[in-house]
Amino acid sequence: MTNLYEPKPEHKFTFGLWTVGNTGSDPFGAAVRNKLSPVELVHLLAEIGAYGVNFHDNDLIPFDATPTERDQIVRDFKRALEETGLVVPMATTNLFHHPVFKDGAFTANDPRVRKFALQKTMRAIDLGVELGAKIYVFWGGREGVESDATKDPTAGLRRFREALNFLCEYVLDQGYDLKLALEAKPNEPRGDIYLPTSGALLGFIATLDHPEMVGLNPEMAHEHMAGLNFLHAVAQAWEAGKLFHIDLNDQNSVRFDQDWRFGSQSLKQSFFLVKFLENVEYSGSRHFDAHAYRTEDYEGVKDFARGCMRTYLILKEKAEHFNQDEEIQFLLAKINVNDPAMEGFEGKFNPAKAKALKAYPFDVATLARRGMQYERLDQLTVDLLLGVR
Ligand code: DIG
Ligand code: MN
Ligand code: MN
């Protein structure tokens with residue numbers, strides 16, 4: 001492959017240990033790849049040109065590790081980071097794998113589980129901060145139900161809010177420079193997961209004691225699972241100043257969470273997303289929460305990770321072409337033409353403005369006949385993406 005689309009640190013491409021470290025097991029089959037250590041995974045990511053590495057606490061420290069084992073693992077991991085130059089922009093807690101979380105973590109019906117989840121998360125936050133994380137992600141994978149007979153949904157919301165308020169206070173009390181990013185998913189592994197979309201989370205954040213500390217980590221596959229437009233979710237988060245992190249991947253429409261290589265399925269949606277992130281100069285990580293097909297060995301895993309970054313960079317270049325394409329920009333200017341007669345009605349309400357607008361003689365028939373040339377604009381976009389423009 002040409003080296004035109006080689007990843008560089010300034011691209012801020014990151015992967016979780018759990019992504020390139022995924023051994024390929026699924027509900028219907030055992031692992032197909034041997035497990036690599038966190039140190040081996042850091043070196044693999046360095047080899048393919050990643051900028052950073054993220055982790056769940058137990059991706060790095062086994063659930064039952066002793067304090068001595070923990071300290072050794074952290075020392076080895078820090079050495080690998082120093083040797084490779086990789087950084088740790090984000091960390092998160094595994095509150096979904098161990099059976100203790102089978103009924104959720106912060107929203108579990110058993111208060112001892114809820115408090116154990118808080119304990120585990122505080123310790124995981126300490127670990128993430130120790131390794132340099134500035135963003136802390138909360139994905140409530142088990143926060144939900146199979147049957148609403150089991151839990152009052154308002155109890156789930158209250159418990160999640162209490163946990164996040166407690167943890168925000170913990171971060172403040174510890175003096176950590178850390179922002180919290182909530183990640184939505186509509187279902188899987190629970191029948192229904194609470195706060196299923198980025199939009200639902202935005203409404204929830206407003207009810208917290210420290211909303212300024214909490215934002216979003218939208219994931220492409222998760223919004224697609226809900227049948228939603230990922231760009232719109234990201235744009236709403238950005239516009240609200242809440243796009244603290246992002247999980248890039250792909251999948252084939254509203255089926256189980258496939259976490260495929262970025263750009264491997266939804267090229268057009270991926271293009272519009274990259275164009276948005278680059279146009280607004282999003283400064284966060286381009287994090288790929290994805291994993292290789294189960295068919296792959298570790299050379300295939302490297303192909304997967306290289307492909308995520310390569311496709312992002314190709315689409316970034318396509319976005320630059322879109323922004324510079326004379327015919328596309330001419331059409332966009334024409335579509336968004338201003339009418340001086342409407343300028344007086346822009347902005348906030350005032351009685352005189354309302355009175356004048358109520359009396360304004362719109363030529364509705366002419367307005368209704370206007371052809372918008374969206375077909376031409378979208379075909380130009382498709383031409384661009386197919387490389388014939
Ligand atoms: C799954 O999409 C979730 C978990 O892997 C993790 O908690 C989060 C971090 O990106 N994404
Ligand atoms: Mn996912
Ligand atoms: Mn994710």
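Worth knowing before you read on, the calculation uses all heavy atoms, side chains too, and leaves out hydrogens, waters and symmetry mates. Order of listing sets the numbers, starting from 1, for every ligand and every atom in it.
Here Asn217 has side-chain heavy atoms under 4.0 Å from ligand 1, and that is the only part of it that gets that close. Of the heavy atoms in Met90, only side-chain atoms (C-beta onward) come closer than 4.0 Å to ligand 1.
Excluding waters, the set of protein N, O or S atoms lying under 2.8 Å from the Mn ion (ligand 3) comprises Glu183 OE2, Glu219 OE1, Asp247 OD2, Asp289 OD2.
Polar contact with ligand 1: absent for Asp257 (N/O pair, distance under 3.5 Å). Between Thr93 and ligand 1, no pair of N/O atoms sits closer than 3.5 Å. Geometrically, ligand 1 and Trp139 share no nitrogen or oxygen pair separated by less than 3.5 Å.
Residues Glu320 and Lys316 are paired through a salt bridge, judged by an N-O separation under 4.0 Å between the basic side chain and the carboxylate. Between Asp76 and Arg79 there is a salt bridge, since at least one side-chain N of the basic residue sits less than 4.0 Å from a carboxylate O of the acidic one. Residues Asp103 and Lys151 are paired through a salt bridge, judged by an N-O separation under 4.0 Å between the basic side chain and the carboxylate.
In this structure, His287 has a heavy atom closer than 4.0 Å to ligand 1.
Using a 4.5 Å cut-off on side-chain heavy atoms (C-beta onward), Gln236 and Leu202 make contact.
With respect to atom 7 (O) of ligand 1, the closest heavy atom belonging to the protein is His56 NE2, 3.1 Å. Considering only non-hydrogen protein atoms, atom 1 (C) of ligand 1 sits nearest to Asp289 OD2, 3.3 Å. In this structure, the protein non-hydrogen atom closest to atom 10 (O) of ligand 1 is Asp247 OD2, 2.6 Å.
Asp247 and Asn217 share a donor-acceptor pair across their side chains, judged by distance under 3.5 Å alone.
Side-chain N or O atoms of Thr121 include one that pairs as donor or acceptor with a backbone N or O of Ala117 at under 3.5 Å. For the pair Arg33 (side chain) and Glu296 (backbone), a donor-acceptor distance under 3.5 Å is present. In terms of modelled atom types and a separation under 3.5 Å, the side chain of Glu219 and the main chain of Leu248 share no donor-acceptor contact.
Near Glu183, with a cut-off below 4.0 Å to any heavy atom, the atoms of ligand 1 are 1 (C), 2 (O), 3 (C), 8 (C), 9 (C), 10 (O), 11 (N). When each atom of ligand 1 is checked for a heavy atom of His222 under 4.0 Å away, the hits are 2 (O). Residue Glu219 has at least one heavy-atom neighbour below 4.0 Å for each of these atoms of ligand 1: 2 (O). Taking every non-hydrogen atom of Trp18 and a distance limit under 4.0 Å, the qualifying atoms of ligand 1 come out as 5 (O), 9 (C), 10 (O). Interface atoms of ligand 1 facing Thr92, defined by a heavy-atom separation under 4.0 Å, are 7 (O).
For Asp257, the N/O/S atom at the shortest distance from the Mn ion (ligand 2) is named OD2.
By the criterion of side-chain heavy atoms lying less than 4.5 angstrom apart, applied directly or through intervening Ile, Leu, Val, Met, Phe, Trp or Tyr residues, Ile205 is grouped together with Tyr136 in one hydrophobic cluster.
Using cut-offs of 30° and 60° on the angle between ring planes, the pair His245 and His287 is tilted.
Rounding to the nearest 0.5 angstrom, the gap separating the CD1 atom in Ile246 from the CG atom in Asp289 is 11.5 Å.
The ring of Phe15 has its center closer than 6.0 angstrom to the ring center of Phe288.
For Glu326, the CD atom counts as loosely surrounded, since its 6.0 Å shell holds 12 or fewer non-hydrogen atoms of other residues, nucleotides or ligands.
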